[in-house]
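One-based numbering along the sequence shown. It should be emphasised that the depicted structure is a prediction, and the values quoted were computed from it without experimental measurement.
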Amino acid sequence: MQKLLTGAFLAVCTYGMTAPAMADPMADAKAIIAEHEKMPVFEAPGDAFDAKACMKDKKVLSIPISMTIPFNVELQKAMASAAAEIGFTYTTWDNQLKVDQWIQGVSQAISQKYDALDIAGGLNPEVLGPQLSEARGAGLKISTTHLYDVTQTQFGGVDYSAKVDFSGAGKLLAAWAYVKTEGKPNVLIVGSSDVLPSIPFVKAIQAELTALCPECKQKHLDVPVSEWATKIQPGVQSALISDPGINFVLPIYDSMSQFVFPALRITGSEGAVKIASFNGTPFVLDMLREGQVDMDIGESLGWAGYAAIDNIMRMICGLPSVAKLNVPLLIFDEKNVKTAGIPANFNDGYGDAYLGGFRKLWKLN
């Protein structure tokens, strides 16, 4: 597990980075926001291909980091649904966040002569380096789904990676805080450097805030995933007490919000300090509807599942890998959060453009 979770520490730091000032930072920030307030449209991630013909008799096994996590359950459901439309064998390897279970999954893929093995939903393939080497030696192709940021280089033991634009989400969070504070953000970023894409995600927020507002203040609170329940609330409280001018908290993963909001309430900052985040987790969208969160960047997991299967098929069929997972980022705020459902769910609110888009791309129509 140590390779899975590395470099974890708790720290609060003030950043005084410098960057060239933008000609019109407010206009730039509002443009970024406006782009992600629109209903998502489908953009083909690559050339069309005959998916049924190329995937005939193929078998794919996917190992998520854990099937105890609702995000992974929904992502796997969508991937299985896409595979069913094509007509190839797709197996989700059920597990409860245990290394020996992941290893068993790789062994199963080898012994049952699968064509491809997908490492999904946050599982770092480096943890399974020797096992993946054995799988590749047996002729399997290896992919990752929803792990790397678009700026990161994939592990050498992987063939294709469906990367996510975490950096783009970071830029959007910075723009939101800038606009909503009328150009005067004093931001606390809450990150988890033990999760692989978190470092570029946090850096993107920091860099965009600095570009928009070089003189504005920002701090970074870093909390390992295993300590969210015990360290986020006191860490945020401490930051708010030491700097009462903080007006935005940006937890990079929205499930952190359940520990951020109590800190606002305890310090009397509720209302004055806003929360904006990323993921579109249903219970956080419910918090947004109830006024506890200001904004959440969502991504449709139905869309993500189809996009992931698209990249896996491109790997098996010998087509170029996609540059990033073809999943648009959509802003949910008080104006549109009800479209996500009451209570919210992982797929409502995004439209269904991806279904027709991928079916056409795979020549199913």
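Each of Phe332, Tyr306, Phe42 was evaluated against Tyr350; a single residue qualifies, Phe332, per the ring-ring contact (aromatic ring centres under 6.0 Å, His included) test.
No side-chain donor-acceptor contact under 3.5 Å links Asn124 to the backbone of Val127. The closest donor-acceptor contact from the side chain of Asn336 to the backbone of Asp333 lies under 3.5 Å. Using modelled atom types, one side-chain atom of Asp296 and one backbone atom of Phe278 make a donor-acceptor pair closer than 3.5 Å. Distance alone, capped at 3.5 Å, places no donor-acceptor pair between the Asp254 side chain and the Val284 backbone. Side-chain atoms of Lys59 never come within 3.5 Å of backbone atoms of Thr89 as a donor-acceptor pair (strictly under, hydrogens ignored). Side chain of Asn326 to main chain of Pro45: no donor-acceptor pair is present (N/O by atom type, distance under 3.5 Å, no hydrogens or angles).
Between Asp100 and Lys98 there is no salt bridge, since no side-chain nitrogen of the basic residue lies less than 4.0 Å from a carboxylate oxygen of the acidic one. Under 4.0 Å is where a charged nitrogen must lie from a carboxylate oxygen, and between Lys219 and Asp243 at least one such pair does.
In the displayed structure, Glu334 atom CD is contacted under 6.0 Å by at most 12 heavy atoms of other residues, nucleotides or ligands. Within a 6.0 Å sphere centred on CD of Glu43, heavy atoms belonging to other residues, nucleotides or ligands number 12 at most.
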Contacts under 3.5 angstrom, residues 161-180 side chains, donor-acceptor by atom type, not counting sequence neighbours:
residue	atom	partner	partner atom	Å
Ser161	OG	Thr144	OG1	2.9
Ser161	OG	Gln154	OE1	2.8
Lys163	NZ	Gln152	O	2.4
Asp165	OD1	Gly168	N	2.8
Ser167	OG	Asp149	OD1	3.2
Ser167	OG	Asp149	OD2	2.7
Trp176	NE1	Asp294	OD2	2.8

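Contact of the Trp102 side chain with the Leu97 side chain is registered, since non-hydrogen atoms from C-beta on lie closer than 4.5 Å.
A search for side chain to side chain donor-acceptor pair (under 3.5 Å) contacts involving Gln233 returns Gln237, not counting sequence neighbours.
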